[in-house]
Every structure is written in structure tokens, then in C-alpha cells.
Amino acid sequence: MSWLTVETPLPSGPMHIAVTPLGVVAGGYLGDEAGELPRCTDEAKIAAVNGRIGTYLAGRSRELGLPIDWSLSTGPHRAVLQTLLREVPYGRTITYGELAARSGVFEDVAEPGLAARTVGQMMAANPVPLLVPCHRVVAADGIGGFGGGRVGIDVKRWLLTLEGVLEPTLDWNGPL
DNA sequence: TATCGCATCTAGT
DNA sequence: ACTAGATGCGATA
């Protein structure tokens, strides 16, 4: 796999994205982590990824339209991610508990809270952020958490504001 | 292969 | 309103 950096208007700054011949295989919100990773030199792929993500984050597109390489996630993990991708469209959110129920992976788990927590772990370990809309998964009583420390929750709020789920806040610097 | 750290929910004060 | 308790993953050594 090879890595490329994408400039974004996100509060976390640029993202880095890993691509394979199959599609996007991994990504991260912290662009400076890409320093020592093998860089992608395929200009067509760089242009495609930059264009799709840039258009999406500018609010001019509701679909990323990038192929996903699922090879880094397996079993229940992959099932939950694909359920999320299929069942939660742009501008909608789902709670951790409901996503657990929809995915059908936790049918034999007695307590809903336990399944919901497991889903949270899976979102944290999501190798393909943004493409799999893990930011649309929220807690039952609020926005919930997000990886990446302090900046992470800002990214989540930013993306939800972009999609019209949240009202713009003072630190909103997006395309509205 | 063993251990650790969590992006939650519910119930009981 | 606030506190504590329950579970299964992925990542690391």
C-alpha cells in the first residue's frame, strides 16, 4: 500500500490516506504521521482521492464514491462497518446501541449496553475513517466520543455540522 | 499468546 | 443529577 496526504478544512488539518489497487485501505486524521510512510506516486490516484474528499468536505457532494479495500477488517468488525455504511445515509445519525442491533452481530448478547460498547471499540479501530461514516454514530444522549484526543471530537462535530445534523458553532469554518 | 485500554448503556442512589 | 458495573474487540509485546 502507498500513502498520500490530503489537504482538508478539518480542525485537525490534513489527512493521510493509504491506497491499494483495490481502493482505499486505511486513513488517519493526523497528516504528520505520514512522514516516514511510503508515498503514493500515482498522480491519477492522488488526483482522484484529493478531488473526491475535497468536494465532499466542501459540501458539494454527498457521496465520496471511492472504492474501499476491506482487507484490514475482518469478521464482526467488518460486518458492523458495512452495516453502518449501508444503513446510515448522509445527514442521518445512529446510536451505538442501534447500530449494534442493526448489524445482527450481537444477537446473543443479553444487555444492550454491552453490545453498544463493543461497537464503540470497533469505531475506534475503524481503519477507514470518513469513508466509513463512523462520525455518524453517536451516544444515546449526546454526541458521544471520538478518537484522536481533544481534536478528534472537534472533527466529529465538524463533520456532523457539514451534514446538517448539528447547528453551526463558533469554531465552524466550513463551507456554509 | 497474554494483557491492556477503551468513541457505551442501564440501573440504583 | 451522579456513580458504578458489565463485555468483546484490536493493538502491543
Side-chain angles (χ1 to χ4, degrees), chain A residues 1 3 8-20 22-38 53 56-57 64 68-167 169 171-172 174:
Chain A
M1 76 177 79
W3 291 81
T8 77
L10 294 171
S12 56
M15 296 181 67
H16 61 279
I17 302 288
V19 295
T20 68
L22 292 177
V24 178
V25 71
Y29 287 112
L30 301 176
D32 51 359
E33 289 180 10
E36 302 182 8
L37 297 167
I53 292 179
Y56 181 84
L57 292 179
L64 279 161
I68 298 175
D69 183 344
W70 294 98
S71 56
L72 288 186
S73 58
T74 58
H77 191 185
R78 181 189 294 195
V80 170
L81 294 177
Q82 290 180 334
T83 299
L84 171 61
L85 187 62
R86 187 177 65 250
E87 307 237 344
V88 186
Y90 187 99
R92 296 290 305 277
T93 58
I94 192 172
T95 63
Y96 291 97
E98 191 174 345
L99 177 57
R102 291 280 197 100
S103 65
V105 173
F106 305 95
E107 286 173 345
D108 45 342
V109 176
E111 300 203 32
L114 305 181
R117 186 172 180 183
T118 301
V119 168
Q121 313 305 339
M122 289 172 164
M123 293 304 108
N126 174 19
V128 206
L130 192 62
L131 272 77
V132 175
C134 52
H135 57 276
R136 292 182 195 144
V137 185
V138 298
D141 59 348
I143 191 174
F146 208 71
R150 182 77 180 89
V151 169
I153 194 64
D154 289 336
V155 173
K156 184 171 186 173
R157 283 210 313 265
W158 195 98
L159 290 168
L160 291 175
T161 307
L162 171 69
E163 301 190 359
V165 176
L166 297 176
E167 294 301 317
T169 54
D171 58 346
W172 169 253

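The shown structure was predicted, so the numbers you read here are calculated from the model rather than taken from an experiment. Proteins get letters first, then strands, A, B, ... in listed order; numbering begins at 1 in each.
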- Task: Round to the nearest Å and state the distance from A/Leu72 atom CG to C/dG10 atom P.
- Result: 12 Å
- Whole-Å distance, A/Leu159 CG to B/dA7 P, equals 18 Å
- Query: Starting at CG of A/Asn126 and ending at P of C/dC9, how long is that distance when rounded to a whole Å?
  - Reply: 16 Å
- A/Ile153 CD1 to B/dA7 P, in whole Å, measures 11 Å
- Taking the side chain of A/His77 as its heavy atoms from C-beta onward, which of C/dG8, B/dA7, C/dG10 lies nearest to it? C/dG10
Under 3.5 Å, which N/O atoms of the protein pair with N/O atoms of nucleotides 8-13 of chain B?
from	atom 1	to	atom 2	distance (Å)
B/dT8	O2	A/Gly113	O	3.3
B/dC9	OP1	A/Ala140	N	3.2
B/dC9	OP2	A/Ala140	N	2.9

- Message: Whether the side chain of A/Lys156 engages the backbone of A/Cys134 through a donor-acceptor N/O pair (distance < 3.5 Å, no angle test) should be reported.
- Response: no
- Task: Start with the C-alpha gap between A/Leu10 and A/Val151, add the side-chain angles, then the distance that decides, and say whether side chain to side chain contact (heavy atoms under 4.5 Å, CB included) holds.
- Result: CA-CA 10 Å; A/Leu10 294 171; A/Val151 169; over 6 Å; no
- Can you list every salt bridge (Lys or Arg N to Asp or Glu O under 4.0 Å) pair that touches residues 87-105 of chain A, not counting sequence neighbours? A/Glu87-A/Arg102, A/Glu98-A/Arg102
- Note on the structure: residues 134-147 of chain A vs salt bridge (Lys or Arg N to Asp or Glu O under 4.0 Å), sequence neighbours excluded, gives A/Arg136-A/Glu163
- Just one of A/Leu81, A/Ile68, A/Val25 clears the side chain to side chain contact (heavy atoms under 4.5 Å, CB included) bar with A/Pro127, so which one? A/Leu81
- Heavy atoms, side chains only, cut-off 4.5 Å: are A/His135 and A/Val155 in contact? no
- So the salt bridge (Lys or Arg N to Asp or Glu O under 4.0 Å) pairs with at least one residue in residues 116-133 of chain A (sequence neighbours excluded) are none
- Query: Tell me, which pairs form a side-chain hydrogen bond (donor to acceptor under 3.5 Å, both in side chains) where one or both residues lie in residues 70-80 of chain A, sequence neighbours left out?
  - Reply: A/Asp69-A/Ser71
- Task: Convert the base pairs of DNA chain B into dot-bracket notation, remembering that pairs crossing earlier ones are written with [ ] and that bases paired across to another strand are shown as |; include only Watson-Crick or G-U pairs under 3.5 Å.
- Result: ||||||.||||||
